[in-house]
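Accompanying notes for the structure given below.
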Amino acid sequence: MKEYDAIFIGAGQAGPFLAARMAAMGRKVALIERKYLGGTCVNAGCMPTKALVASAKTIAVARRASEFGITIGGEPTVNMQVVAARARKVTLDARNGLAAWFDSLETMDVIHGQAKFIGAKAVSVDGADYSAPQIFINVGARPHIPDIPGLKDVPYLTSTSVIQLDALPRHLIVLGGSYIGLEFAQMYRRFGAEVTVIERGSQLAPREDADISQAIADILSGDGIRVLLNHNLLSVTKEDAGLVVRTDQCDVRGSHVLVALGRRPNTDDLGLDHAGIETDQRGFIAVDERLQTTAEGIWALGDCNGRGAFTHTSYNDFEIVAANLLDGGDRKVSDRILGYGLYIDPPLGRVGMTERQAKDAGHRIKVSTRPMSRVGRAVEKGETLGLMKLVVDAETDRILGAAFLGVGGDEAIYGVLDAINLGAATEELRWAVPIHPTVGELVPTLIGDLRDT
């Protein structure tokens, strides 16, 4: 059995950075990855999908060129092979960059294969055994495939396989109206496919407030996407002309089906029971506030611990564990203020609580909203869809959350995110002198328009 100071299972956006830091300190570390370096973000998430989003944005702008006084000879067209190749290059460049970095670390061994626990501090990979006093699990998650009658008998797509398409679907049916499904729905509609989104709930992006959700639906409908709400899935079948999705209200016929109904952790084949590592009923590894599992000396980072589902929360897991183990700190998961983005166009930037969450938590709140049609920067760019929203505690004057759905919303939200982290009162922000013309300059205006709800 080969011994290390630390073993890392999975090469996502948390473990490798901690492994590299330990290796730079001279510790002997093993990084075990069964497929690709970089995890979901590099290979099937952020990087390839945002490359596709950029292509979809470009064709949408090209179609509107005449509005800006620009003439393009003829109707712009999409070459899906070039679009897909560009996304693949973004992924491969990032993956190869990680490989080169890890190769440069003298005390890091990269081991390719499936790791399984064979004891409390030992794992086996293709017949070879390794042990370490510290083990870090960073195995991520994969698309959840529900037990819908007929689904497993048809060639369905997931967020992983859809990015490999180099031909345009005739009619893409998206099962699920949350973040991943909506991004693919809009991009493929802009590429030229007919798109239908089927959601069993009463609104798209059900985590969001109703006004934000409705604005998202309006944006997608404006792109020509058919949105079906309150539809329960009954079956998926294949017919000569394509695929049929049957709901409790209608049949939808299309050429391709994308399953975007949540994700599940990659923990079912790790032999966790051999190490005394407990999971919840969905398979997420149980961790404490410092991300240690129920087994001493073993931590779970990233999507597999159920404490965050984003690249940035995974990276923050690395920061928490590194601070506690290497820097003498005492950081906790509950310290972080959650922010995230929805990368439709225009994008949504979100941080902290929604209005609904704030009320459910017992806060007396003030709320301010402003349509993007009243934001100068949006008007100048000809992108006036969406709205800005601010939620504030009426008693403490502290910002509880914000949602900026509109051009630049994913960047403008940083001013609010930083303010929440610093505990700034709205009165302190109200008199800031922002840069004009920007989207973020409207934060003081939003503060001035706060009203009790």
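The figures that follow rest on heavy atoms only: side chains count, while hydrogens, waters and symmetry mates do not.
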Does [X] reach the main-chain N or O of [Y] with its side chain, forming a donor-acceptor pair under 3.5 Å?
X      : Y      : value
Thr160 : Ala44  : no
Thr158 : Val259 : no
Asn324 : Arg331 : yes
Asp393 : Arg398 : no
Gln214 : Asp211 : no
Arg263 : Ala141 : yes
Arg370 : Val443 : no
Thr58  : Ala54  : yes
Asn43  : Leu37  : yes
Asp280 : Arg282 : yes

- Distance only, no hydrogens: is a donor on one side chain within 3.5 Å (strictly under) of an acceptor on the other, for Ser202 and Asn230? no
- Item | No-hydrogen, no-angle side-chain donor-acceptor test under 3.5 Å, Asn266 and Arg142 | yes
Decide, yes or no, whether a salt bridge links [X] with [Y] under the criterion of side-chain N to carboxylate O below 4.0 Å.
X      : Y      : result
Arg21  : Asp327 : yes
Asp269 : Arg34  : yes
Lys332 : Asp288 : no
Arg356 : Asp360 : no
Arg290 : Asp330 : yes
Glu289 : Arg307 : yes
Asp345 : Arg190 : yes

- Item | Residues forming a ring pair (Phe, Tyr, Trp, His ring centres under 6.0 Å) with Phe184, sequence neighbours excluded | none
- Task: Quickly, which of Leu291, Leu325, Thr293 forms a side-chain contact (heavy atoms from CB on, under 4.5 Å) with Phe136? Name it, please.
- Result: Leu325
- Message: Quick check: closest heavy atoms across Ser159 and Ile180, and the distance to 0.1 Å?
- Response: CB-CG2, 3.8 Å
In terms of relative ring orientation, are [X] and [Y] parallel, tilted or perpendicular, with 30° and 60° separating the classes?
X      : Y      : value
Tyr4   : Tyr130 : tilted
Tyr315 : Phe17  : perpendicular
Tyr188 : Phe191 : perpendicular

- Query: Excluding sequence neighbours, so at least two apart, what forms side chain to side chain donor-acceptor pair (under 3.5 Å) with Asp317?
  - Reply: Asn305, Arg336
- Query: Does the salt bridge (charged side-chain N to carboxylate O under 4.0 Å, His left out) test come out yes or no for Asp209 and Lys389, once each step is laid out?
  - Reply: CA-CA 10 Å; Asp209 283 330; Lys389 183 172 185 176; 3.0 Å; yes
- Which pairs pass ring pair (Phe, Tyr, Trp, His ring centres under 6.0 Å) with one or both residues in residues 379-434, sequence neighbours excluded? none
- Ring centers of Tyr340, Tyr179 separated by less than 6.0 Å: yes
